[in-house]
Amino acid sequence: MLDPQLLRSDIEAVARRLAARPYALNAAAFAALDEQRKAVQSRTQELQAARNSSAKRVGQAKGRGEDVSALMAEAAQAGVELSGLEMKLQEIQDKVRDFLLDVPNLPHASVPEGKGAEDNLEMRRIGTPRTFGFAPQDHTDLGATLGQMDFETATKIAGSRFVVMKGPLARLHRAIAQFMLDVHTAEHGYTEVYVPYLVNADSMRGTGQLPKFEEDLFAVPRGDAGKFYLVPTAEVPVTNMVRDEIVPLEKLPLKFVCHSPCFRSEAGSYGKDTRGMIRQHQFDKVELVQISHPERSYEGLEALLGHAETILKRLELPYRVITLCTGDMGFSAAKTYDIEVWLPAQNAYREISSCSNFEAFQARRMQARFRNEKGRPELVHTLNGSGLAVGRTLVAIMENYQQADGSIEVPAALKPYMGGLEFIRAS
RNA sequence: GGAGAGGUGGCAGAGUGGUUGAAUGUACCGGUCUCGAAAACCGGAAAGGUCGCAAGGCCUUCGAGGGUUCGAAUCCCUCCCUCUCCGCCA
């Protein structure tokens with residue numbers, strides 16, 4: 001959520017910056033709504049003040065044992081207009097809030113302007129894609145040949161966009177997550193957290209999934225208590241740990257790492273990546289989250305990106321880093337770097353991590369604050385990034401480490417997690 | 001699932017339908033004292049919104065939402081959450 005003050009004071013500048021996304025801010029509608037809000041609010045508060053003071057007078061007169069029937073009748077009269085106005089004010093304030101909840105974040109000044117993926121800015125390429133002496137297979141074929149990756153059974157159990165893994169490949173999947181957690185906790189100073197995978201609507205609103213993107217989520221009904229949502233990323237539960245909190249200055253930055261499953265309905269992506277494990281309803285991810293001092297959040301973003309890159313370097317997987325342009329960024333982000341890993345079978349780089357600074361956008365929705373140098377509460381900045389997506393890392397390892405006979409070499413960094421196993425072969 | 005108790009400021013913990021936004025303690029900040037610290041004493045300090053150049057004013061907030069009342073932390077209703085006991089259970 002953007003700062004309402006900013007919209008009041010300089011809505012044209014806000015509109016201009018949002019136009020780069022592109023997002024058409026209805027400045028006139030907001031101005032009209034706010035003007036109405038102002039009128040109703042000041043009148044309401046005037047009447048509330050009058051009510052409070054006359055109620056106080058009644059109390060005082062009663063204390064002196066005087067007759068208060070006239071005073072009470074007068075006060076009752078004023079209450080009629082007030083209750084109507086209070087309702088009206090509530091309505092208007094809800095409208096203002098709904099309006100603001102729908103407006104995406106402002107792109108940071110360093111974000112390149114552009115319409116879509118083609119305008120993203122490549123920052124660097126690390127590692128050289130290997131040359132194969134044979135035609136590399138994709139992970140789906142490799143997994144089928146190994147007899148350890150089974151989409152048909154998953155479809156029987158659940159439906160499309162799920163997978164069943166077995167044996168050494170299932171273990172490799174686990175090893176990847178363990179390895180990432182170990183690196184981030186031992187070397188990068190993150191605190192490991194375990195969190196709920198079902199969250200309430202307030203949490204989803206806090207990080208920006210609701211109200212706009214409900215169709216991307218899986219919901220679980222539960223009677224009068226509303227519903228639970230399955231987390232689409234650990235970002236949601238982990239970032240919401242600081243919702244409605246005031247974090248002491250000296251605790252910043254908070255750095256959390258969390259391995260969790262992620263659930264996405266993938267509505268609207270029919271026909272996209274239908275083969276294999278690239279796009280699933282359920283996948284595992286190791287997520288990095290930072291709660292930062294506003295003045296240090298961009299340092300934090302560079303560091304966080306580096307932490308994610310470390311994993312790819314250790315696994316010796318070729319990748320590149322790109323800065324998303326204004327048109328390709330997510331709703332809540334002020335700046336986003338994507339890391340894309342090389343997939344030989346697709347002859348392309350594919351997203352394996354997305355690292356973003358949300359500045360105060362999520363913090364304002366969550367009322368996540370810290371006590372600043374002056375002792376005043378101030379909104380924190382929130383950041384997160386995949387470090388990394390586990391399923392896609394598995395895919396990248398299979399494809400980049402495949403041998404001519406269809407076996408998979410275990411990357412050196414993961415061998416300790418595989419009981420020393422060198423190659424994954426058909427069982 | 002059944003029975004009971006409870007949700008108040010960073011934490012602990014009072015609270016009567018009427019100058020209570022809320023005693024008191026503790027933690028925190030400033031000051032006095034001290035070579036320095038501790039202790040003691042004095043003082044300051046909730047959050048959000050809104051108006052204002054500012055000083056400051058006003059409004060809202062005692063789990064959430066409704067209701068009764070001139071006036072609700074206090075009374076009524078619904079919901080959520082926590083704790084204790086029983087049942088069930090990984």
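Protein chains get the first letters and strands the later ones, always in sequence-line order, with residue 1 at the start of each.
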Problem set entry | Between C1' of B:C58 and NZ of A:Lys38, the distance in whole Å | 15 Å
Exercise. If we take the P atom in both B:A14 and B:U24, what is their distance in whole Å?
Worked result: 15 Å
Exercise. Looking only at atom C1', what distance separates B:C85 and B:G48, rounded to whole Å?
Worked result: 41 Å
Exercise. Given that A:Arg8 and A:Thr44 both sit by RNA chain B, which one's nearest nucleotide is further toward the 5' end?
Worked result: A:Arg8
For this session: Using Watson-Crick or G-U wobble geometry with both distances below 3.5 Å, tell me the partner of B:G52, or none.
Result: none
List, with names and distances, any nitrogen or oxygen atoms from the protein found under 3.5 Å away from nitrogen or oxygen atoms belonging to nucleotides 17-20 of chain B.
unit_1: B:G18; atom_1: O6; unit_2: A:Lys62; atom_2: NZ; d: 2.5
unit_1: B:G18; atom_1: N2; unit_2: A:Ala55; atom_2: O; d: 3.0

Seminar exercise, completed: When both distances are under 3.5 Å in a Watson-Crick or G-U wobble arrangement, the nucleotide paired with B:U34 is none
For this session: Could you work out the separation of B:G65 and B:U50 based on their C1' atoms and round it to a whole Å?
Result: 24 Å
Exercise. What side-chain hydrogen bond (donor to acceptor under 3.5 Å, both in side chains) pairs are there with at least one residue in residues 91-104 of chain A, not counting sequence neighbours?
Worked result: A:Gln90-A:Asp94
For this session: Could you tell me whether A:Arg43 contacts a base, only the sugar-phosphate backbone, or nothing, with contacts defined as non-hydrogen atoms closer than 4.0 Å?
Result: nothing
Problem set entry | Spacing between A:Gln367 atom CD and B:A47 atom C1', to the nearest angstrom | 9 Å
Seminar exercise, completed: Separation of B:G48 atom P from A:Gln90 atom CD, nearest Å, is 19 Å
Exercise. Between A:Lys227 and A:Glu214, is the closest basic N to carboxylate O distance under 4.0 Å?
Worked result: yes
Problem set entry | A:Arg51 side chain near B:U60 phosphate (N/O to OP1/OP2, under 4.0 Å) | yes
Exercise. Does a side chain donor of either A:Gln36 or A:Gln41 reach within less than 3.5 Å of an acceptor in the other side chain?
Worked result: no
Exercise. Taking any strand in view, what nucleotide pairs with B:C88 in a Watson-Crick or G-U wobble way, both distances under 3.5 Å?
Worked result: none
Exercise. How close or far is atom P of B:G49 from atom CD of A:Gln41, stated in whole angstroms?
Worked result: 11 Å
Exercise. Which value, in whole Å, describes the distance between the P atoms of nucleotides B:A72 and B:U20?
Worked result: 15 Å
Exercise. When the P atoms of B:G31 and B:G25 are considered, how many whole Å apart are they?
Worked result: 22 Å
Exercise. Is the shortest distance from a Lys or Arg side-chain nitrogen in A:Arg364 or A:Glu359 to a carboxylate oxygen in the other one below 4.0 Å?
Worked result: no
Problem set entry | Lys/Arg N to Asp/Glu carboxylate O, A:Arg369 vs A:Asp244, below 4.0 Å | no
Problem set entry | Residue matched to B:C81 through Watson-Crick or wobble contacts both under 3.5 angstrom | B:G6
Exercise. For A:Arg371, which contact category applies under a 4.0 Å heavy-atom criterion: base, sugar-phosphate, or nothing?
Worked result: sugar-phosphate
Problem set entry | Rounded distance in Å between the C1' positions of B:A22 and B:A46 | 11 Å
Problem set entry | Interatomic distance where CG belongs to A:Asp202 and C1' belongs to B:G63 [whole Å] | 13 Å
Seminar exercise, completed: A:Arg364 atom CZ is separated from B:G49 atom C1', nearest whole Å, by 14 Å
Problem set entry | Residue A:Glu35 excluded, over 12 heavy atoms near CD under 6.0 Å | no
Exercise. At under 4.0 Å, does any side-chain N or O of A:Gln5 touch on OP1 or OP2 of B:U50?
Worked result: yes
Problem set entry | Mutual orientation of the aromatic rings belonging to A:His184 and A:His188 [parallel < 30°, tilted 30-60°, perpendicular > 60°] | tilted
Problem set entry | Nearest-angstrom distance, P atom, B:U68 to B:C76 | 15 Å
Exercise. Mind checking the P distance from B:A64 to B:C28? Whole angstroms is fine.
Worked result: 29 Å
Seminar exercise, completed: For B:A72, the nucleotide meeting Watson-Crick or G-U wobble distances (both under 3.5 Å) is none
For this session: Would you indicate which nucleotide in B:C59, B:C51, B:A47 comes nearest to any side-chain atom of A:Pro377?
Result: B:A47
Seminar exercise, completed: note: A:Leu89, atom CG; B:G48, atom P; distance rounded to Å ~ 19 Å
Seminar exercise, completed: To the nearest angstrom, the CG-P distance between A:Asp3 and B:U50 comes to 9 Å
For this session: Write down the partner of B:A39 under the Watson-Crick or G-U wobble criteria, each distance required to be under 3.5 Å.
Result: none
Problem set entry | Verdict with reasoning, A:Tyr190 to A:Gln290, per side chain to side chain donor-acceptor pair (under 3.5 Å) | CA-CA 9 Å; A:Tyr190 289 80; A:Gln290 293 194 16; 3.0 Å; yes
Problem set entry | Pairing of A:Glu266 and A:Arg264 as salt bridge, 4.0 angstrom limit | no
Exercise. Quick one: is A:Asn52 getting a side-chain N or O under 4.0 Å of the B:C58 phosphate, OP1 or OP2?
Worked result: no
Problem set entry | For B:C28, the Watson-Crick or wobble counterpart (both distances under 3.5 Å) | B:G44
